Novice: 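Provided herewith is a single structure, encoded as structure tokens, for subsequent inquiry.
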Amino acid sequence: MMILELDRKSRIPLYLQVVTQVREMISRGALKVGDRLPANRELAETLGVNRTTVSNAYAELEADGLITSHVGRGTFVSAVPKSRAPAAPVVASPIVWDSLLADQTGDIWLSPLLHAQQRKETISLAWGLPQAEMFPLDEFRRCVDRVLRRDGRNLLQLGMSSGYEPLRQSLSSQLSASGIDAKPAELLITNGCQQSLDLMRRVFVGPGDEVVLENPTYPGALSIFCGAGSKFISVPVTDKGMDLDTLEDVLSRRRPKLIYTVPTYQNPTGTTLDMLARHRLLGLAIKHRVPIIEDDIYSELRYDGPTLPSLKALDDHGVVISIGSFSKVGFPGLRVGWIVAPREVIDHLNVAKQHCDLHASLLTQAAVYEFSRHGLLQKHIKRVRRAYRQQRDAMLQALEKHFPAEAKWTRPAGGMAVWVTLPGMLNADEVLVHAAENGVIFSPGSHFYSTAPKMNMMRLCFTMASPPLIEEGIKRLGAVIKARMTTRKQPRALRKSEGYRALV
Ligand code: PMP
């Protein structure tokens with residue numbers, strides 16, 4: 001019996017799939033010279049395909065001399081493919097990789113960022129990253145030296161997936177100072193918040209499951225939760241953070257697996273949930289038994305306004321899973337972050353972590369632990385905060401001075417960016433093309449939406465440029481925006497190479 005398996009999602013035509021498989025069966029001897037092949041109609045019925053698909057396949061095999069049809073008698077294998085002969089070179093058609101993809105890769109959302117940054121003279125208001133000059137290189141180098149000398153033989157060996165124990169202990173006591181009671185066993189060290197989100201998806205989100213996302217939100221979360229298999233429910237963000245009326249309505253009708261939120265200095269809007277709203281959100285999660293993933297990555301970057309307890313610190317019911325990392329306070333390239341969750345959840349996340357990459361680099365964890373143990377991290381955070389506050393103020397002043405009166409923007413109390421609303425007729429994706437020609441780049445707001453993107457929004461990060469460069473960048477941007485408002489040119493379509501995808 002001839003068993004063929006056709007992949008209807010593949011881009012390879014069905015008849016060619018039949019040809020390849022029959023040829024392969026003859027090659028490996030599963031079909032021998034003289035064996036009879038099923039009749040056209042019979043094979044078409046078995047495979048659930050059109051008869052012409054089978055006729056085309058047989059015609060191709062016959063043209064290759066591998067089968068012969070005899071009217072009235074049937075179709076028979078007549079030869080073995082020549083490629084089996086040892087001397088003949090095998091001319092294989094190239095693999096069509098696209099046809100093999102499991103459809104889970106989604107869009108590339110990060111690397112164009114790194115390319116766009118290459119032009120040195122461009123002022124970047126696009127990325128939520130520190131200026132390279134901010135890195136405390138000498139102090140960090142001394143920490144790396146010290147841990148290598150003290151513990152190098154262990155640090156270069158394979159370790160536990162839960163993380164470097166001294167770092168877990170130190171994080172546990174730092175978290176307790178901010179009101180979070182997390183024993184080391186309730187902590188998992190990851191390669192940053194991005195991986196924490198991915199682990200969470202692996203553990204909790206099955207095919208067809210829904211996850212609540214703020215709209216707009218961090219594009220890295222979109223890339224994880226809007227991928228194939230999972231579905232998302234978008235809840236709008238108001239100027240006070242996630243719209244809890246909409247969330248309440250959603251939770252009364254649907255059963256999402258998780259609620260993902262950045263309640264403090266949200267990316268991209270910079271909004272913060274106030275105390276009342278935090279309690280309300282927790283109440284909703286508890287009532288509907290839907291865990292919250294609290295992305296707390298920005299809370300240390302506070303410039304003014306009250307210090308609010310995290311959702312995790314307010315959580316008496318164990319409904320919040322909190323994620324954090326060292327990326328925003330200083331070192332995005334280190335790739336060290338953590339998850340705080342109930343012990344049983346950590347156990348599952350640990351397994352997922354092992355499946356992904358066994359564990360985060362011990363050397364990096366030990367170095368950042370050493371950096372923090374000597375009070376250098378706190379010192380660095382103070383320095384970064386001071387600088388970013390000045391940069392934020394420089395941006396707000398420049399916006400007043402150079403942007404048209406019709407534009408509006410937020411005044412974030414922390415975080416890394418100002419969220420700007422342009423007059424409705426302007427499209428920020430197009431403004432970016434002209435801005436880049438004038439040596440300044442930013443993140444168009446459309447990249448942060450899971451649905452119904454608002455085209456006139458822009459995220460302006462103030463962390464990567466000094467105050468004078470911020471002023472210059474905003475001045476150039478203001479000029480581009482004003483010119484587009486007055487000329488009201490017909491928008492020209494973006495060439496592919498001109499689009500910049502977001503963004504951290
Ligand atoms: N969450 C948010 C809200 C972010 O803005 C970012 C990075 N910009 C991340 C997570 C990713 O952080 P990490 O570098 O720790 O993976």
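Remember, it's 1-based here, ligands and their atoms both numbered in the order they're listed. Please read these numbers as outputs of a predicted model, since none were measured by experiment. Residue numbers run from 1 in the order of the sequence given.
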Novice: I need the atoms of ligand 1 closer than 4.0 Å to a non-hydrogen atom of Tyr298, numbered in the order shown.
Specialist: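 Counting atoms of ligand 1 from 1, those under 4.0 Å from Tyr298 are 3 (C), 4 (C), 5 (O), 8 (N).
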Novice: Would you mind listing which atoms of ligand 1 come within a distance below 4.0 Å of any non-hydrogen atom of Gly192?
Specialist: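 Matching atoms, with element in brackets: 15 (O), 16 (O).
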Novice: Is the Phe371 to Phe140 ring centre distance short of 6.0 Å?
Specialist: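 Judged by ring-centre distance (under 6.0 Å), Phe371 and Phe140 do meet the cut-off.
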Novice: Which is it for Cys193 and ligand 1 at heavy atoms under 4.0 Å: side chain, backbone, both or neither?
Specialist: both
Novice: Whether the Thr264 and Arg278 side chains hold a donor-acceptor pair (N or O, under 3.5 Å, no angle test) is what I'd like checked.
Specialist: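 Their side chains do contain a donor-acceptor pair, which is all the 3.5 Å distance test asks for.
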Novice: At a 4.0 Å threshold, what atoms of ligand 1 neighbour a non-hydrogen atom of Asp295?
Specialist: 1 (N), 2 (C), 3 (C), 10 (C)
Novice: Centre-to-centre under 6.0 Å for Phe331 and His380, is that the case here?
Specialist: yes
Novice: Is a donor from one side chain sitting under 3.5 angstrom from an acceptor on the other, for Asn267 and Arg459?
Specialist: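 A pair is found: one side chain offers a donor N or O, the other an acceptor, under 3.5 Å apart.
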Novice: Measuring centre to centre across the rings, with the benzene-like ring taken for any Trp, is Phe326 within less than 6.0 Å of Trp338?
Specialist: yes
Novice: Looking at Arg202 and Asp198, is there a salt bridge between them, counting it only when a charged N and a carboxylate O are closer than 4.0 Å?
Specialist: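 The answer is yes: the pair qualifies as a salt bridge.
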Novice: Look at ligand 1 and say whether Gln195 reaches it with a heavy atom at a distance under 4.0 Å.
Specialist: no
Novice: Looking at Arg335, which atoms of ligand 1 are within less than 4.0 Å of one of its heavy atoms?
Specialist: 13 (P), 14 (O), 16 (O)
Novice: So, is Ser327 polar-close to ligand 1, with some N/O to N/O distance under 3.5 Å?
Specialist: yes
Novice: Taking only non-hydrogen atoms of Gln266, do any sit less than 4.0 angstrom from ligand 1?
Specialist: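 Contact check Gln266 vs ligand 1: negative.
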